[in-house]
Amino acid sequence: MNNHNKSRNSNRIIRMIIVDDEPIICEGLRMTIEWSQLGIEIVDVAYDGEQALQIVQSEPIDIVLSDIRMDGMDGLELAQQIRTLYPEINFVMISGYEDFEYARRAMRIGVSDYLLKPVNIDELKAVVSNIAARIHEHEDNGSKEEDVLWLLNAIHNKAEHAESIPLRRCNGVGGSYRVIASQLADYEQFFGDKSAEEIRDLQEDWKNTLQACIHSAGLSTIFAFSHPNLLYTFVHDSGNSMTEQQWDSLAGQAIANWHRESKIVIAISATYTETENTSEACERAKQLLFYSVLQSDTILTEQLCKELEIERKVYRSYAPSGDWASKLSSCLYRQEWQESEAMLKAFLAEMRQNRLLLPEMLSIYEEQMALLRQRLRSNALHIDQANERKHPIDLHHYNSYEAIEHQLLEELHDLLEAVGNQSVNKSYWIVEKAMKYIAEHYSEDMKASEVAEWLNITPNHFSYIFKQNTGKNFKEYMNDVRIGHAQRLLATTNDKVFEIADRVGYKEYKYFVSVFKSVTGMTPKEYRAIKASI
């Protein structure tokens, strides 16, 4: 069985065989040079191409050093076979000046390293050392890419890659692991308008800052960005020697060494000893980052967040007032932007005061917006899907209360404009606006024509849409509003009836009594007596 695909690293010994049909030359090349000092192991020697091929098929080999002219399978045919079967093996050909045609054919099949007879020892050492360096560089680059791929698969919980390089590299080594999740605070504010190249430079500085601190403690790492503002660091503590205080010190040093516009926020998972648990550690570290809105200047650990959860128990039952969506829909119909904006800001401030994390805040907000849209649609308002968010808000990009508020206010403004552009339903919000005006001015001498003028529509059109939307004409509606306020005053104050009549907009006492009886079925005094007896 061929073993060429074994795990490799930049410190491993490079394995080579020497092939020549003259045994004395093979042994001479083997013994003349201190190969071990070059990081090379001479695995075996072969006296023809067939024997060399057998060795290659049974041993992991990196370099074949072969003469070009040999009895049986010569060096050219051996090179052809190896290039076909094991293209990763490097081939060094030894040829004489008279073998130029052979050498040219070897070039065509991809042999690029040559030595001319008689072999110069320094030249041979230089050629082999250069090949070893190329192998190490290639393997290091490949290993890094595989490491990152493994960590990304762990982040996204793809268990099918459990047998990847980092698992084998750590297997049997012992020690413990942690995952550090980090992000930049107020990302949208400081980096939202940066170019892709500027973001790449930012990420490189970010990774190097963490790497310098972690490597100073002798720990090994794998870094992977799963988002422009979310860096995962897999850390292997092979000696399992790091204390909690040392971990905090490392993270604190990284934060102190960062000198960009925004600070680094760091969350550290609990220690674990099996690499199979990396997916769980990645997810947990990411969740810890959300607590940064509560503890902005602290390294986020499992213990700290447990303490925060104990403090937050009293807030978990938070729910907005039941009529929030209804009130906001009225504001949208009336096209009252300032009032709508104030309502949303107050709602978000209330959730912030209740120490809700950003995902919790958005979840409650989305529930309320679903109720709002349902109410809008129940009133025959057809909100275009273009006015609905296509994707969830990115909480790594918009990772502060302020950034979330800005996003939601923009959405609300778009929704208000969409409602205003629905001409079929404009009558609804016109009437809503009129009703608000009446509620604020009911005690004044008011006529339908005056309200119509205030709304900048004709009196006839106003009378029509008002009756259509409320089921009552303007005068009936005004009486209902005024009598409703009179009922409250009769039941809760000792004011005289004529005083109450004046306060709610009736200058003639007898007319007030007449209207009150027509609306309630009793006189003001009878109503007060009944309320007093309850």
Nearest 0.5 Å, what's the [atom1]-[atom2] distance between [X] and [Y]?
X: Trp247; Y: Thr301; atom1: CH2; atom2: OG1; answer: 13.0 Å
X: Met361; Y: Leu348; atom1: CE; atom2: CG; answer: 5.5 Å
X: Arg178; Y: Phe234; atom1: CZ; atom2: CZ; answer: 13.0 Å
X: Glu432; Y: Thr470; atom1: CD; atom2: OG1; answer: 11.0 Å
X: Asn240; Y: Ser176; atom1: CG; atom2: OG; answer: 3.5 Å
X: Met446; Y: Met478; atom1: CE; atom2: CE; answer: 4.5 Å

Let me know which of [options] forms a side chain to side chain contact (heavy atoms under 4.5 Å, CB included) with [X].
X: Glu402; options: Arg352, Gln189, Gln407; result: Arg352
X: Phe223; options: Val235, Val148, Leu231; result: Leu231
X: Gln183; options: Leu289, Ile266, Ile264; result: Leu289

Please determine whether the number of non-hydrogen atoms from other residues, nucleotides or ligands lying under 6.0 Å from atom [atom1] of [X] exceeds 12.
X: Gln338; atom1: CD; result: no
X: Glu508; atom1: CD; result: no
X: Glu444; atom1: CD; result: yes
X: Glu307; atom1: CD; result: yes
X: Asp193; atom1: CG; result: yes
X: His215; atom1: NE2; result: yes
X: Lys510; atom1: NZ; result: no

Decide yes or no for [X] and [Y]: does some side-chain heavy atom of the first lie under 4.5 Å from some side-chain heavy atom of the second?
X: Glu360; Y: Phe290; result: no
X: Ile404; Y: Leu395; result: yes
X: Leu328; Y: Phe347; result: no
X: Tyr187; Y: His396; result: no
X: Glu336; Y: Lys436; result: yes
X: Ser326; Y: Leu371; result: no
X: Phe516; Y: Tyr506; result: no
X: Thr493; Y: Ile500; result: yes

**OP:** Output, in order, the C-alpha distance, side-chain angles, deciding distance and verdict of side chain to side chain contact (heavy atoms under 4.5 Å, CB included) for Leu202 and Lys194.
**Re:** CA-CA 10 Å; Leu202 174 74; Lys194 300 294 184 183; over 6 Å; no
If only atom types and distance count, is the side chain of [X] paired as donor or acceptor with the main-chain N or O of [Y] below 3.5 Å?
X: Glu280; Y: Asn277; value: no
X: Asn473; Y: Ser463; value: no
X: Asn479; Y: Ile483; value: no
X: Ser262; Y: Leu184; value: no
X: Arg482; Y: Tyr442; value: yes
X: Ser518; Y: Val515; value: yes
X: Gln203; Y: Pro228; value: yes
X: Thr209; Y: Asp205; value: yes

Are any of the side-chain nitrogens in [X] or [Y] under 4.0 Å away from the carboxylate oxygens of its partner?
X: Lys433; Y: Glu339; answer: no
X: Arg284; Y: Glu302; answer: yes
X: Glu309; Y: Arg312; answer: yes
X: Arg373; Y: Glu366; answer: no

**OP:** Look at the rings of Tyr477 and Phe466 and say which category their plane angle falls in: under 30° parallel, 30 to 60° tilted, over 60° perpendicular.
**Re:** perpendicular
Subject >> Considering all heavy atoms, the nearest Phe225-Leu152 contact >> reply: O-CD2, 3.8 Å
Subject >> Atom of Ala403, atom of Ser400 and distance for their closest heavy-atom approach >> reply: N-OG, 3.1 Å
Subject >> Working for side chain to side chain contact (heavy atoms under 4.5 Å, CB included), residues Glu411 and Ile393 >> reply: CA-CA 11 Å; Glu411 286 185 7; Ile393 289 180; 4.2 Å; yes
**OP:** Take Leu416 and Cys331 through the test side chain to side chain contact (heavy atoms under 4.5 Å, CB included) and record every step on the way to the result.
**Re:** CA-CA 9 Å; Leu416 179 132; Cys331 291; over 6 Å; no
**OP:** Would you please test Arg260 and Glu198 for salt bridge (Lys or Arg N to Asp or Glu O under 4.0 Å) and show each step?
**Re:** CA-CA 12 Å; Arg260 288 277 195 150; Glu198 288 173 319; over 6 Å; no
**OP:** Determine, stepwise, if the pair Lys286 / Glu283 fulfils salt bridge (Lys or Arg N to Asp or Glu O under 4.0 Å).
**Re:** CA-CA 5 Å; Lys286 182 180 76 171; Glu283 178 60 27; 3.6 Å; yes
Original post:
Any chance the side chains of Tyr177 and Ser269 put a donor and an acceptor closer than 3.5 Å?
Top reply: no
Subject >> Verdict with reasoning, Arg355 to Glu311, per side chain to side chain contact (heavy atoms under 4.5 Å, CB included) >> reply: CA-CA 9 Å; Arg355 296 173 65 78; Glu311 293 176 10; 3.6 Å; yes
